[in-house]
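If you read the sequence from its start, that first residue is 1, and numbering goes on from there. Values below: every heavy atom of this structure, side chains too, minus hydrogens, waters and symmetry copies. None of the values given here were measured: they were computed from a predicted structure.
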Amino acid sequence: MYSRKIKFQTILCILLSAVFACALGWMLYTEYRQEAAFSAASRALKEEASSYVTQRQALLSELDELESSAACFSDEARFMVGFLVSDVSDLSYIQEKAETYDFSPVLVLDCAMAETDLEQLLDAAEDQWEVMLYASPFSEETNDDVLTVLSCLDSIGKEQTGVFFLRDEDNNDANVQLLLEDGFLGYTSYSDSPTAGQTDDGTVYFDYSFLSASGTTVESRLAALYQSRAFMLIVFDMASIDSGTLTEDYVVSLFETLQVYTQQEDCSFSTVAETVDELSTSNTAQAEAQANYQEQAAEIQTQLTRLDENIDEIYSRAAD
């Protein structure tokens, strides 16, 4: 009797254990299915959101490109190369560099130069070389020198670019107004981010770099100019080259850097005359580019707002 009771209890325990095991197994299976379903749903939501995020990033990139295009009125970056020169003996050096690197040089002439020296220099220079005037410092006090040189150029039938080589330290409203009264079309300017354009009164301006010593950092400015498709006049001081302060190794290195840029389809050497012609139409071109940018930017912003709403809705579903 006792053994049958023990056997019954054993069987009961086995049965109960089996029931508990089945129940536990069912619970674990149910939990697994729920977790799998949740994971699958989460993955689906993430994939859905990822698609919108990808579209959003593409639109932001498109907006950046549009903004860059609106800031550029030219399809090409342009370099002009000038030499601040005061002696006929420097012309052979300029000729050699122009032939080696295939550009048309700009002769930058200090208006403090004596008329006889000026005439001798221009008589020895190539006819196609452009002439740009310079005075340091430039102010109302030194403007008489500028007017004297303008009169001298007129008397010998030599044209100048109409753009004054205005250094940054002399660039102020009074001096710019003085240049306009002298009949200049524009002037050079200096900024960390190279710029070029035309003011509302029609005056053109473009960037410059003046090199009088080796080690002057211009590479970053050249890269910025190339990126923004602007214009830059690079002026080498011949007195510094003659004295060795501006070394030949540095000059050659810089010309090789310029050559790398100008071998690209969207960059070239230019003349001041070509630059002035293009800048003279820049106001209209920039206005059209800006209007186009505003229209397309508004459309892109609408799409971005719609995508943000979709992404927020997906994440709210994931939270629920």
Side-chain angles (χ1 to χ4, degrees), residues 73-74 78-86 104-115 117-119 121-122 125 129-212 221 225 230-238 270-284 286:
F73 57 85
S74 174
R78 306 282 183 85
F79 294 107
M80 294 155 281
V81 182
F83 296 86
L84 179 58
V85 58
S86 59
S104 181
V106 183
L107 297 181
V108 182
L109 306 179
D110 192 332
C111 291
M113 187 186 308
E115 280 192 49
D117 292 338
L118 175 66
E119 291 178 7
L121 186 97
L122 292 177
W129 291 359
E130 294 180 307
V131 172
M132 179 178 285
L133 302 188
Y134 167 66
S136 179
F138 176 70
S139 65
E140 189 171 357
E141 287 72 27
T142 58
N143 192 47
D144 285 343
D145 291 337
V146 177
L147 294 175
T148 297
V149 172
L150 286 172
S151 178
C152 178
L153 292 176
D154 187 58
S155 67
I156 63 177
K158 181 67 177 180
E159 294 184 355
Q160 48 91 22
T161 61
V163 177
F164 192 83
F165 182 46
L166 186 63
R167 299 289 300 277
D168 188 48
E169 57 267 25
D170 297 325
N171 192 338
N172 56 60
D173 292 342
N175 283 345
V176 169
Q177 184 58 40
L178 197 59
L179 291 173
L180 296 180
E181 292 172 2
D182 290 344
F184 285 94
L185 304 171
Y187 56 91
T188 59
S189 63
Y190 187 95
S191 62
D192 291 334
S193 300
T195 58
Q198 183 184 36
T199 61
D200 291 338
D201 63 5
T203 308
V204 299
Y205 61 92
F206 51 80
D207 209 66
Y208 79 88
S209 284
F210 181 67
L211 303 177
S212 60
R221 300 187 72 230
L225 176 142
F231 305 96
M232 182 186 288
L233 171 68
I234 302 167
V235 177
F236 295 89
D237 181 16
M238 283 304 306
S270 181
T271 66
V272 177
E274 292 168 342
T275 298
V276 170
D277 284 344
E278 187 157 355
L279 290 175
S280 296
T281 62
S282 66
N283 275 349
T284 301
Q286 283 180 307

Roughly how far, to the nearest 0.5 Å, is the CG atom of L107 from the NZ atom of K158? 7.5 Å
I need the minimum non-hydrogen distance between S280 and Q198, along with the two atoms involved. O-OE1, 3.2 Å
Nearest 0.5 Å please: distance from the CH2 atom of W129 over to the OG1 atom of T271. 15.0 Å
Rounded to the nearest 0.5 Å, what separates atom CG in D110 from atom OG1 in T142? 9.5 Å
For the backbone of L166 and the side chain of T188, can you confirm whether one donor and one acceptor N or O come within less than 3.5 Å of each other? yes
Of all residues at least two apart in sequence or in a different chain, which pass the side-chain hydrogen bond (donor to acceptor under 3.5 Å, both in side chains) check with N143? D182
Look only at the side chain of T199 and the backbone of T203, and say whether a donor-acceptor pair between them is shorter than 3.5 Å. yes
How far apart are the closest heavy atoms of M232 and S209, and which atoms are they? SD-OG, 3.6 Å
Atom of G82, atom of L233 and distance for their closest heavy-atom approach: N-CD1, 3.9 Å
Minimum-distance pair of heavy atoms, taken over all atoms of D145 and A112: OD2-CA, 4.5 Å
Assess the residue pair T148 and C111 against the criterion (side-chain contact (heavy atoms from CB on, under 4.5 Å)); give the C-alpha distance rounded to whole Å, side-chain angles, the decisive distance to 0.1 Å, and a yes or no. CA-CA 8 Å; T148 297; C111 291; over 6 Å; no
State, to 0.1 Å, how close L121 and S86 come at their nearest heavy-atom pair, and which atoms those are. CD1-C, 4.1 Å
Using the rule given for side-chain contact (heavy atoms from CB on, under 4.5 Å), can you reason through Y134 versus V235, listing the C-alpha separation, both sets of side-chain angles and the distance that settles it, and then say yes or no? CA-CA 11 Å; Y134 167 66; V235 177; over 6 Å; no
Should L133 and L153 be marked as a side-chain contact (heavy atoms from CB on, under 4.5 Å) after you check the CA-CA gap, both sets of side-chain angles, and the distance that decides it? CA-CA 11 Å; L133 302 188; L153 292 176; 4.0 Å; yes
Which value, rounded to the nearest 0.5 Å, describes the distance between I156 atom CD1 and L122 atom CG? 5.0 Å
Can you tell if the side chain of D168 reaches within under 4.5 Å of the side chain of F210, non-hydrogen atoms only? no
Verify the neighbour count for atom CD of E169: are there more than 12 heavy atoms of other residues, nucleotides or ligands below 6.0 Å? yes
side-chain contact (heavy atoms from CB on, under 4.5 Å) evaluation trace for V146 with L150: CA-CA 6 Å; V146 177; L150 286 172; 4.2 Å; yes
Restricting to pairs with a member in residues 138-162, which pass ring pair (Phe, Tyr, Trp, His ring centres under 6.0 Å), not counting sequence neighbours? F138-F164
Any chance you could measure S139, atom OG, to N172, atom CG, to the nearest 0.5 Å? 9.5 Å
Indicate yes or no: at least one non-hydrogen side-chain atom of V149 is less than 4.5 angstrom from one of Q160. no
Contact between R78 and F206 at the side-chain level, heavy atoms closer than 4.5 Å - yes or no? no
Would one find more than 12 heavy atoms of other residues, nucleotides or ligands at under 6.0 Å from atom CD of E181? yes
For V163 versus M132, what's the shortest heavy-atom pair and its separation? O-CG, 3.2 Å
Identify, with sequence neighbours excluded, every residue that meets side-chain hydrogen bond (donor to acceptor under 3.5 Å, both in side chains) alongside S189. none
Separation between CE of M80 and CG of D207, rounded to the nearest 0.5 Å: 9.0 Å
Checking side chain to side chain contact (heavy atoms under 4.5 Å, CB included) against N171, which of Y205, Y187, Y190 comes through? Y187
